[in-house]
Protein chains: 2
Amino acid sequence: MPGPPWLRQRLTNAGFRLTWPRQVILDVLGQNPQHLSAEEIFFHVHQFYPGIGMATVYRTLDLLTRTGLVFKFDFGDGRSRYELASEAAKGPHHHMICTRCGRIIDFGHSIDEEGELIAALGKELSEKHGFKINSHRIHFYGLCQDCQSSSTEGKR
Amino acid sequence: MPGPPWLRQRLTNAGFRLTWPRQVILDVLGQNPQHLSAEEIFFHVHQFYPGIGMATVYRTLDLLTRTGLVFKFDFGDGRSRYELASEAAKGPHHHMICTRCGRIIDFGHSIDEEGELIAALGKELSEKHGFKINSHRIHFYGLCQDCQSSSTEGKR
DNA sequence: ATAATAATGATAATCATTCTCAATAACTGA
DNA sequence: TCAGTTATTGAGAATGATTATCATTATTAT
Ligand SMILES: [Mn+2]
Ligand SMILES: [Mn+2]
Ligand SMILES: [Zn+2]
Ligand SMILES: [Zn+2]
């Protein structure tokens, strides 16, 4: 599983070596649209690349995040979760977190209003505080379908 | 520093005991509009309530969060940060995080578009996935005024 | 192929947060 | 007010995710 060629490019262009662990991790991320944690990625990678170490998974994930190939998220469950940037690129989206079971779903909305709102907020932020916005994230908290029946809220 | 009376109410009404540590923590949060971390809160509380233990700070913060008196945030610096809910109540706001120095500023916007957008997204989320949104958070990432001059991005 | 050195793997070390449990302080009702 | 019942606390150990070390190995340029 050498992983997509465009990804190798990004790495070598950025001056990083194209190693086996990196390719495999990238590949695992590519085949799993979910938001995997470092440990989950470790297990997957371990399947066809045994010798891998957790440290390498973390280092690689950090490198990929810094390079912009991967997005790092914190959904409040105590561990970071990662998502291939190209995945998000094919349609920016936000996330909905179920406060009961922790489920996370990508929410690739079709509302166009967002662009305007963000632009307006960005302008305001810039004028009032001199900030320059580069990106934003919206998290929705609530109950997923399954959890709506068996109510009695939970954490967060 | 007994702390606001309305807060005591909330605690006793919820069936919790009105203890000295709780009142002091609540008071510290009330006097510090910033987004304090558990450790920072611990130091402040420690000033006029020495014997306090970190465990109690965490436990209390968790209790207050679960009770809805306090909001818990994760701005990506590796530690949770807290904010008195009443503070947010007097004007809901979002946060801007500087990706260079980590500074966080409350962004109490005056744009009204947000309500509509969120409503629209909520409707879509409900129809497509059966989710029921209870709240949402928007984080803006970028550079604060001070960090815009000395460029060369940073983390996250 | 060889040299130069970035990357890895095993492991120890951090750090924030949680758990354990005996001691203590809040509430209750007499 | 006082004793009884328990929630709460404080100290310290324990946990769990993430980082740092460092000798060994793999990648890349020559
Ligand atoms: Mn996603
Ligand atoms: Mn705030
Ligand atoms: Zn759920
Ligand atoms: Zn800054």
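Distance CG (A/L11) to C1' (C/dT8): 16 Å, rounded to an integer number of Å. The CG atom of B/N13 sits 15 Å away from the C1' atom of C/dC27 (whole-angstrom rounding). As a whole-Å value, the separation of A/K72 NZ from D/dA17 P is 14 Å. Atom CG of A/D77 and atom C1' of D/dT15 are 16 Å apart (whole Å). One interatomic measurement links the two molecules: CZ of A/F73 to P of D/dT18, which rounds to 15 Å at whole-angstrom precision. Rounded to a whole Å, the CD atom of B/E40 is 16 Å from the P atom of C/dC15. Taking atom CZ of residue B/R79 and atom P of nucleotide D/dA17, one finds them 19 Å apart after rounding to whole Å. Atom-to-atom, NE2 of A/H46 to C1' of C/dT8 comes out at 14 Å; the value is rounded to the nearest Å.
Aromatic ring pairs are classed by plane angle as parallel below 30°, tilted from 30° to 60° and perpendicular above 60°; the pair A/F42 and A/H46 is tilted. Relative orientation of the B/F73 and B/H139 rings is tilted, given thresholds of 30° and 60° on the angle between their planes. Under the 30°/60° scheme for interplanar angles, the aromatic rings of B/H93 and B/H35 are found to be tilted. The aromatic rings of A/F140 and A/F107 stand perpendicular to each other, their planes meeting at an angle above 60°, with 30° marking the opposite boundary. Aromatic ring orientation, A/W20 versus A/Y49: tilted (interplanar angle from 30° to 60°).
In this structure, A/Q148 and A/L143 approach most closely via the heavy-atom pair NE2-O, 3.3 Å. Here the closest non-hydrogen pair linking A/P21 and A/I52 is CB-CD1, 3.8 Å.
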Letter by letter from the 5' end, nucleotides 25-30 of chain D scores (B base, S sugar-phosphate only, - none; protein heavy atoms under 4.0 Å) -BBS--
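Checking the phosphate oxygens (OP1, OP2) of D/dT18, a side-chain nitrogen or oxygen of A/S80 falls inside 4.0 Å. OP1 or OP2 of D/dT8 lies within a sub-4.0 Å distance of a side-chain N or O belonging to B/R22.
For the segment residues 52-63 of chain A, residues with any heavy atom less than 4.0 angstrom from an atom of DNA chain D are, sorted by number, A/A55, A/Y58, A/R59.
Note on A/Y49: only backbone sugar-phosphate atoms sit closer than 4.0 angstrom, heavy atoms only; bases stay farther off.
With hydrogens and angles left out, the side-chain atoms of B/H94 and B/E114 include a donor and acceptor closer than 3.5 Å.
The number of heavy-atom neighbours closer than 6.0 Å to NZ of A/K123, taken from other residues, nucleotides and ligands shown, is 12 or below.
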